[in-house]
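Taking it in order: structure first as structure tokens, then the write-up.
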Protein chains: 2
Amino acid sequence: MATGRTHRPATRSRGIPEATVARLPLYLRALTALSERSVPTVSSEELAAAAGVNSAKLRKDFSYLGSYGTRGVGYDVEYLVYQISRELGLTQDWPVVIVGIGNLGAALANYGGFASRGFRVAALIDADPAMAGKPVAGIAVQHTDELEQIITDNGVSIGVIATPAGAAQQVCERLVAAGVTSILNFAPTVLTVPDGVDVRKVDLSIELQILAFHEQRKAGEETPESGPPAPVARTTAAAADRKGPDGDVPAVMPA
Amino acid sequence: MATGRTHRPATRSRGIPEATVARLPLYLRALTALSERSVPTVSSEELAAAAGVNSAKLRKDFSYLGSYGTRGVGYDVEYLVYQISRELGLTQDWPVVIVGIGNLGAALANYGGFASRGFRVAALIDADPAMAGKPVAGIAVQHTDELEQIITDNGVSIGVIATPAGAAQQVCERLVAAGVTSILNFAPTVLTVPDGVDVRKVDLSIELQILAFHEQRKAGEETPESGPPAPVARTTAAAADRKGPDGDVPAVMPA
DNA sequence: AAATGTGAACTGCTTCACAGCA
DNA sequence: TGCTGTGAAGCAGTTCACATTT
């Protein structure tokens with residue numbers, strides 16, 4: 001096997017827990033809003049509410065960065081904005097390429113919050129020759145043939161994949177071979193990458209399916225009468241010859 | 001305070017851990033691919049590889065659903081597809097509305113994997129009167145005024161928010177008031193919802209920022225010489241009057 | 001008096017390793 | 001023999017509660 005991991009092994013990075021890192025952008029966004037309203041200081045309680053977390057967690061998170069608060073007062077907004085930005089590596093500019101300029105790729109290219117905070121769209125790349133040269137979000141689309149050249153010339157280390165699922169792994173391999181070490185994958189596929197390359201995925205249908213799971217349970221609980229929704233009696237029809245502890249066999253697969 | 005939580009409190013749902021629920025769609029996708037290739041059975045090892053997880057985790061996950069495998073053999077692909085679909089609530093059809101038909105909303109509407117597996121786009125809604133009536137992905141966009149009517153008439157319980165950040169909370173409240181109990185939020189805002197409503201968020205810039213964090217660390221480690229990247233000497237200039245244990249004050253906020 | 005920073009307890013998730021079964 | 005299913009151990013993340021500091 002090619003020994004490609006798929007997710008970062010959740011190793012603490014320089015002592016900051018992964019879960020904390022994932023919340024820093026949230027805090028940063030809340031702090032930026034406060035900063036724009038010229039609010040000078042904020043308590044863990046207030047900031048936590050704005051970020052949608054609880055205050056103990058927020059304080060613990062900040063404690064990994066250092067002691068940036070003042071007891072009895074709170075946190076200096078501007079100072080924290082800077083510290084978190086620096087911790088996240090946003091004081092430098094990250095050139096990013098987007099591969100696959102369909103509906104989604106175009107939406108991403110047009111997304112404003114992109115350029116604003118440390119990221120810059122260095123190039124848009126698509127496999128369709130008819131797209132080449134067309135401007136999307138003010139940037140001319142380039143053909144996939146030039147992918148390696150673009151990565152190298154611009155020192156790109158972050159790539160966004162917005163291609164169809166079938167093309168994603170191959171695009172991924174070309175990006176990695178050309179020097180990209182962080183990938184944000186919107187294609188509904190598991191990407192296999194070498195060690196040292198980070199992949200994060202965004203997957204609409206997975207999110208919907210998770211929602212459907214909980215939605216289904218709500219429907220089952222409906223009657224606010226019995227406590228737990230009762231084991232739900234999974235046996236619906238003839239469980240017959242199946243070995244499952246319960247459950248029925250479908251005649252035909254749904255969907 | 002309005003006592004609105006933001007995230008599900010990670011309560012085990014009918015005994016299935018949240019982390020497991022989040023992986024079921026992944027297994028389902030891998031299994032569906034096997035099913036299409038008419039593969040009859042699969043081992044935990046093979047399936048785990050296809051889904052990008054390790055096999056012990058997969059077996060543990062499946063053990064929460066029941067004993068659906070056969071020792072010495074593996075899992076029956078068709079049977080598992082059905083069991084997972086049912087567990088996720090995909091044997092029924094979920095009507096979904098998408099609010100905010102900009103670049104992103106249109107991309108979502110056009111996304112194929114949507115309709116395929118248990119979800120159906122019941123309506124596209126936008127606040128721009130000029131959009132009303134225009135077909136996107138074969139569906140005529142409707143005006144926000146009709147939101148409540150649409151939700152009620154179609155029995156919609158899942159809503160997708162793809163509006164600008166400023167409009168998201170208000171749209172969210174209208175959706176919830178009209179009966180929606182699950183929301184997938186693409187707007188970069190923290191949504192506040194009443195208990196009983198699930199929110200999941202998809203946020204491009206958060207994902208990029210997390211990648212940037214790790215990318216920055218890679219750059220710091222570059223020289224594979226010293227072990228840990230050395231406390232990085234956070235003091236760059238005059239730390240002066242600041243109380244932080246170290247760290248410098250920026251003259252002007254970056255970004 | 002107010003709010004941070006943190007040890008300690010707790011909860012949940014992952015991994016191990018092997019007993020049990022086909 | 002081969003592979004599942006699962007207790008038990010280990011690890012990461014969250015919450016509690018309070019000593020500490022301004």
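Predicted model only: the values in this text are computed from it and were never measured. Letters go in sequence order (proteins before strands), and every chain restarts at 1.
Listed pair S44(B) / dT4(D) meets the phosphate criterion, a side-chain N or O lying under 4.0 Å from OP1 or OP2. Contact check, K57(A) against dT15(D): a side-chain N or O comes under 4.0 Å of OP1 or OP2. Between N54(B) and dT14(C), a side-chain N or O to OP1/OP2 separation shorter than 4.0 Å is absent. Remark: Y64(A) is not in phosphate contact with dG13(D), judged by side-chain N or O atoms under 4.0 Å from OP1 or OP2. Applying the 4.0 Å criterion to OP1 and OP2 of dT14(C), one finds that R23(B) has a side-chain N or O inside that range.
Rounded to whole Å, atom C1' of dT6(C) lies 5 Å from atom NZ of K60(A). Whole-Å rounding puts the L65(A) CG to dT4(C) C1' distance at 14 Å. Summarising the geometry, the separation between CZ on R59(B) and P on dC21(C) is reported as 16 Å, rounded to the nearest angstrom. When rounded to the nearest whole Å, the span between CG of L58(A) and C1' of dG5(C) equals 12 Å. Note: CD (E18(A)) to P (dC11(D)) measures 18 Å, nearest angstrom. E45(B) has its CD atom 14 Å from the P atom of dG2(D), to the nearest Å. Atom CZ of F62(B) and atom P of dT14(C) are 14 Å apart (whole Å).
The side chain of P17(A) lies closest to dG13(D), out of dG13(D), dG7(C), dT22(D). The side chain of A56(A) has dC16(D) as its nearest neighbour among dA19(D), dC16(D), dC18(D). Comparing dT6(C), dA8(D), dG13(D) by their closest approach to the side chain of S63(A) singles out dT6(C). Nearest nucleotide to the side chain of S43(B), out of dT15(C), dT14(D), dT4(D): dT4(D). Side-chain proximity of R71(B) to dC13(C), dT20(D), dG2(D): nearest is dG2(D). Side-chain atoms of Y75(A) lie closest to dG5(C) of the nucleotides dG5(C), dG5(D), dG13(D).
Along DNA chain C, the nucleotide closest to V73(A) and the one closest to D61(A) are compared, and the more 5′ of them pairs with V73(A). Taking the nucleotide of DNA chain D with the nearest heavy atom to each of T20(A) and G72(A), the more 5' of the two is matched to T20(A).
Side chain to side chain, Q83(A) and E87(A) fail the donor-acceptor criterion of an N or O pair below 3.5 Å.
In summary, D203(B) and R29(A) engage in a salt bridge, as defined by a charged side-chain N under 4.0 Å from a carboxylate O.
Open room surrounds CD on Q170(A); 12 or fewer heavy atoms of other groups in view lie less than 6.0 Å from it.
A ring-centre distance under 6.0 Å is not found for F62(A) and Y68(A).
Distance CG/L184(B) to CG/L208(A): 5.5 Å, rounded to 0.5 Å.
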